[in-house]
A.B. asks: 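My questions all concern the structure below.
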There are 2 protein chains.
Amino acid sequence: MIILSKQQILDKFDADAITLLLKDGFIAFSQKQVQMPPVQHLLFEQANGDCCIKSGYLQGDKLFVVKVSSGFYHNPAQGLASNQGVMMAFSAQTGEPQALLLDEGWLTALRTALAGRIAAELCAPRNIRAIGIVGTGMQARLHLMYLKSVISCRQLWVWGRSETALEEYRQYAQAEGFDVNTTQNAAELARHCQLIVTTTPSREAILHAVDIQPGTHITAVGADGAGKHELAPDLVAKADKILVDSWEQCTEFGEISQAFQRGMLAHYSLTEIGVALAQNGPFRNNDQQITLADLTGLGIQDVQIVKGILE
Amino acid sequence: MIILSKQQILDKFDADAITLLLKDGFIAFSQKQVQMPPVQHLLFEQANGDCCIKSGYLQGDKLFVVKVSSGFYHNPAQGLASNQGVMMAFSAQTGEPQALLLDEGWLTALRTALAGRIAAELCAPRNIRAIGIVGTGMQARLHLMYLKSVISCRQLWVWGRSETALEEYRQYAQAEGFDVNTTQNAAELARHCQLIVTTTPSREAILHAVDIQPGTHITAVGADGAGKHELAPDLVAKADKILVDSWEQCTEFGEISQAFQRGMLAHYSLTEIGVALAQNGPFRNNDQQITLADLTGLGIQDVQIVKGILE
């Protein structure tokens, strides 16, 4: 069995090759070629931690993947990363363990950011005067890093709750080549930005319908479990077109779930990323539409990124 | 992170210490102190394989456990064991991976056999003229090995479909100190035996109501998924008392599930092992009752056996 450390994994990481694998994975998922059992959740209240276990198998593959990923939010106070985790690959011919990837949660972060880039390619309007990033953490950084290769705009607004975190993010984004404006007022960010990525684990809405201009695309990646959301249901219902990674997951616990469950999206046909990719054209019909992409994270993304590292 | 090979795991295996941990685990499970998300299943039809992923956490523990175990039934033709798998332990304080146990399915086999011994301690009648083992595989051997320490009887009947397998089992059981009778007629076995363990992955009933004498206990461990069963529903309904490892699992897919779902057990109160253990007395009321124990396997058993190996 191969055991790879985080550094060995990052050395083998090729964003463009893995993006192609992720696209194939989304398409296969929407075509029902993927086994992806319901996610297992464990809660550790005394340590402010949670863990989710995902597994997946793409029909015909030589391997299947099991991922254990957790967030323990007291860790930073001890000098440890909040996100921890491993991915494992097993032979789909014999069941034997083949590889253990001690990625410390990085592969989850990377495949999420690359899915955001895929959503931006499908949905972004042609004219972007500024990019808006909601949040200042790891996802806020990785999304910006990968958007650079598909969006030419270098004007940036970033929203956060802490002045210190905003200043740190400013330095990061300037080093990436952006002109940076920081704000603690999300509506101000929305007034200036045509491509917005929301990356926080918020449990209350940060953006509302009144904040959003026509011709905006929003990618929301924070809602990966019941109760989390960053966009008000009235904003979700205002979108002209909605892209989801999984119809089932997004309507159950994604960013759009509250609006869906209240019957506010009855007139929509939600489109899965895999369906949009198979159609091979732009998702938005014109530059005035408001589009929304809801990314909850799929086991097939873990399968594909592990294949990308091992192959 | 500690990595243990199968041999290192077997060297650390202490059956009696782990039996005590398993008893504590069953009790904690029945007292709702265990997080045990629904099992994930994957199927590999082209390789005649399947995989199940179990996880568990006993409230207050320092670690939680994830198990990946699979059966690939073409493996023996390639000189590989059918059962493959790993168990992993993670810190419940930080989420960090702590140990990888490359047990190749052994810990699952061992904790199942030890659960069978616990069921025998709770349910066996006082007078056993012969033990009956249905099946000739790994579980059939491990159950016999561990029954020896709680049952003094050394008369054995074993049922199997293949003469060769029966002969191999005879040699195994003789070396363990038993007087062995082999048969391909399960009713003949049942006529002679007061403690029967059924260990096959059969999908059709091997024993029926007419086969069983008063004063018999049967432990059934083969049914761990939908469609598998070894006992006819009329035999299940004939039992005076029924012990289950998990009310939920056993009624959904255990040995008793068919009888339960047909309404044939309406007059029963099924008793969980954890409840029976907490009552700290014998499960059967007299030596004439027919008792049945249905063991589907619980994630908490994996948690406890990993603790037993690591502590």
Side-chain angles (χ1 to χ4, degrees), chain A residues 1 3 5 34-57 59-75 78-86 88-98 100 102-105 299, chain B residues 1 3 5 34-57 59-75 78-86 88-98 100 102-105 299:
Chain A
M1 195 184 59
I3 298 178
S5 68
V34 177
Q35 293 184 46
M36 232 175 68
V39 179
Q40 295 182 342
H41 293 278
L42 294 167
L43 268 179
F44 307 92
E45 285 179 13
Q46 84 292 349
N48 192 16
D50 55 49
C51 174
C52 81
I53 299 151
K54 290 183 176 171
S55 58
Y57 175 58
Q59 225 61 41
D61 270 2
K62 287 182 187 160
L63 52 80
F64 64 96
V65 168
V66 178
K67 176 176 88 168
V68 180
S69 64
S70 59
F72 279 75
Y73 306 102
H74 293 336
N75 279 4
Q78 308 171 49
L80 287 171
S82 298
N83 291 324
Q84 298 286 334
V86 302
M88 294 199 72
F90 297 84
S91 164
Q93 268 105 42
T94 66
E96 291 171 292
Q98 302 214 313
L100 171 65
L102 298 168
D103 70 302
E104 301 175 23
Chain B
M1 195 184 61
I3 299 178
S5 69
V34 178
Q35 292 184 46
M36 230 176 70
V39 180
Q40 295 182 342
H41 293 277
L42 294 167
L43 267 178
F44 307 93
E45 284 179 13
Q46 85 292 348
N48 193 17
D50 55 49
C51 174
C52 81
I53 298 151
K54 290 182 177 172
S55 58
Y57 175 58
Q59 226 62 40
D61 271 2
K62 288 183 186 156
L63 52 81
F64 64 97
V65 168
V66 178
K67 176 176 88 167
V68 180
S69 65
S70 59
F72 279 76
Y73 305 101
H74 294 335
N75 278 5
Q78 308 170 51
L80 286 171
S82 298
N83 291 325
Q84 297 285 336
V86 302
M88 294 198 73
F90 297 84
S91 164
Q93 268 105 42
T94 66
E96 292 170 294
Q98 301 215 314
L100 171 66
L102 298 167
D103 70 301
E104 300 175 24

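Just so it is clear: chains get the letters A, B, ... in the order the sequence lines come, proteins before strands, and each one is counted from 1.
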A.B. asks: Against chain A, label B:Y73 side chain, backbone, both or neither, depending on which of its atoms sit under 4.5 Å from a heavy atom there.
C.D. replies: neither
A.B. asks: For B:Q35, which atoms come within 4.5 Å of any heavy atom of chain A: side chain, backbone, both, or neither?
C.D. replies: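 It is both, since atoms from each part get that close.
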A.B. asks: Under 4.5 Å from any heavy atom of chain A, what part of B:Q78 do you find: side chain, backbone, both or neither?
C.D. replies: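 Looking at B:Q78, just its side chain touches chain A.
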A.B. asks: Given a strict heavy-atom distance threshold of 4.5 Å, which part of A:S69 is in contact with chain B: side chain, backbone, both, or neither?
C.D. replies: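 Contact with chain B is absent: no heavy atom of A:S69 under 4.5 Å.
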A.B. asks: Return the CG to CD distance between A:L43 and B:Q59, rounded to the nearest 0.5 Å.
C.D. replies: 9.0 Å
A.B. asks: Are B:L100 and B:M1 side-chain neighbours, meaning at least one heavy-atom pair lies under 4.5 Å?
C.D. replies: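 Side chain of B:L100 against side chain of B:M1, heavy atoms only: contact under 4.5 Å found.
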A.B. asks: Any idea which of B:I3, B:V86, B:D50, B:V68 has the most non-hydrogen atom pairs under 4.5 angstrom with chain A?
C.D. replies: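 Winner by heavy-atom pair count: B:V68.
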A.B. asks: Can you say whether B:L80 sits under 4.5 Å from chain A via the side chain, the backbone, both, or neither, judging by heavy atoms?
C.D. replies: side chain
A.B. asks: To the nearest 0.5 Å, how far apart are CZ in B:F44 and CZ in B:F72?
C.D. replies: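 Going from CZ on B:F44 over to CZ on B:F72, the span is 4.5 Å.
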A.B. asks: Which one, A:A47, A:A92, A:G85, leads in non-hydrogen pairs under 4.5 Å with chain B?
C.D. replies: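 Top option by heavy-atom pairs under 4.5 Å: A:A92.
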A.B. asks: Where is the tightest heavy-atom contact between B:G299 and B:M36, given as atom of each residue plus distance?
C.D. replies: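 Closest approach of B:G299 to B:M36, heavy atoms only: N-SD, 3.6 Å.
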A.B. asks: I'd like to check A:P37 versus B:L42 (side-chain heavy atoms, cut-off strictly below 4.5 Å). Are they in contact?
C.D. replies: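 Sidechains of B:L42 and A:P37: in contact.
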A.B. asks: Please look at A:L102 and chain B and tell me whether the side chain, the backbone, both or neither of the residue comes under 4.5 angstrom of a heavy atom of that chain.
C.D. replies: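 Contact with chain B: side chain only.
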A.B. asks: For each of B:S55, B:G49, B:C51, tally heavy-atom pairs with chain A at distances under 4.5 Å, and name the one with the top tally.
C.D. replies: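 Highest number of pairs under 4.5 Å: B:S55.
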A.B. asks: Please classify the contact of A:E96 with chain B as side chain, backbone, both or neither, using a heavy-atom distance under 4.5 Å.
C.D. replies: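 Both backbone and side chain.
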A.B. asks: State the NZ-OH distance between B:K62 and B:Y57, to the nearest 0.5 angstrom.
C.D. replies: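 Going from the NZ atom of B:K62 to the OH atom of B:Y57 covers 11.0 Å.
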A.B. asks: Does any part of the side chain of B:F90, heavy atoms only, come nearer than 4.5 Å to the side chain of B:V66, both counted from C-beta?
C.D. replies: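 With C-beta onward as the side chain, the pair touches.
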A.B. asks: Where on A:P97 is there a heavy atom nearer than 4.5 Å to chain B: the side chain, the backbone, both, or neither?
C.D. replies: side chain
A.B. asks: B:Q84 and B:S70: side-chain donor and acceptor closer than 3.5 Å?
C.D. replies: no
A.B. asks: Against chain B, label A:E104 side chain, backbone, both or neither, depending on which of its atoms sit under 4.5 Å from a heavy atom there.
C.D. replies: neither
